[in-house]
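One structure coming up, written as structure tokens, with questions to follow.
Model, not experiment: these values are computed from the prediction.
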Amino acid sequence: FYLFPDFIAQADQLKARGINTSVELCERLLDETGVATLPGYAFGRPREELTARLAYINFDGKKALEAADKISADEPLDDNFLGKYCKGPIIAVERLSEWVNSR
């Protein structure tokens, strides 16, 4: 239901862009990608820790579960399934990834 990414590996890169806190990180993510996250600071993490919480709820879970029920338990849910039934969260993660790797 939630992702809690830690951007420590990109800390130097983010600091060069003026991002020093989880609050700044989330503000920039929203402004520059349109992806809404909450700062790790809101969950008791240190303000300077570059973490965020992303809720992946903008998809129809009932529809996805009904479609998954029609697939054998032995068969993995592939990228086509995810693209069809979980498009919103996939787009958000792609935008975050592109943003973090674009600088």
(message) Membership question, hydrophobic clusters at under 4.5 Å side-chain separation (ILVMFWY): are Leu96 and Phe43 in the same one?
(response) no

If you look only at distance, which donor and acceptor atoms sit under 3.5 Å apart when one is on a side chain in residues 2-9 and the other is two or more places apart or in another chain?
{"from": "Asp6", "atom 1": "OD1", "to": "Ile8", "atom 2": "N", "distance (Å)": "2.9"}

(request) For Ser102 and Trp99, indicate whether the former's side chain and the latter's backbone hold a donor-acceptor pair under 3.5 Å. (result) yes

(message) Side-chain heavy atoms nearer than 4.5 Å, only ILVMFWY residues, links allowed to pass through others: does that put Tyr56 and Val93 together?
(response) yes

(message) Show the nearest heavy-atom pair for residues Arg17 and Glu32, with the distance to one decimal.
(response) NH2-OE1, 3.7 Å

(message) Between Val35 and Leu14, is there shared hydrophobic-cluster membership here, with clusters defined by ILVMFWY side-chain heavy atoms closer than 4.5 Å?
(response) yes

(message) How long is the straight-line distance from CG of Leu50 back to NZ of Lys15, given to the nearest 0.5 Å?
(response) 6.5 Å

(request) List, by chain and then residue number, the residues other than Leu30 in its hydrophobic cluster (Ile/Leu/Val/Met/Phe/Trp/Tyr, side-chain heavy atoms under 4.5 Å); write none if there are no others. (result) none

(request) Would you list the pairs meeting side-chain hydrogen bond (donor to acceptor under 3.5 Å, both in side chains) in which at least one residue belongs to residues 37-52, sequence neighbours left out? (result) Tyr41-Arg47, Arg45-Glu49, Glu49-Thr51

(request) Can you measure from CD1 (Ile91) to SG (Cys86) and round to the nearest 0.5 angstrom? (result) 11.5 Å

(request) With sequence neighbours excluded, give me every salt bridge (charged side-chain N to carboxylate O under 4.0 Å, His left out) pair touching residues 67-90. (result) none

(request) Not counting sequence neighbours, which residues clear ring pair (Phe, Tyr, Trp, His ring centres under 6.0 Å) with Phe81? List them please. (result) Tyr85

(request) With sequence neighbours left out, write down each residue that passes side chain to side chain contact (heavy atoms under 4.5 Å, CB included) with Lys62, or none if nothing qualifies. (result) Asp60, Glu66

(message) Please determine whether residues Val100 and Leu29 belong to a single hydrophobic cluster, defined as Ile, Leu, Val, Met, Phe, Trp and Tyr linked transitively by side-chain heavy-atom distances below 4.5 Å.
(response) yes

(message) Between Glu24 (side chain only) and Thr21 (backbone N and O only), is there a donor and an acceptor less than 3.5 Å apart?
(response) yes

(request) Enter the distance from Ser22:OG to Glu27:CD here, rounded to the nearest 0.5 Å. (result) 9.5 Å

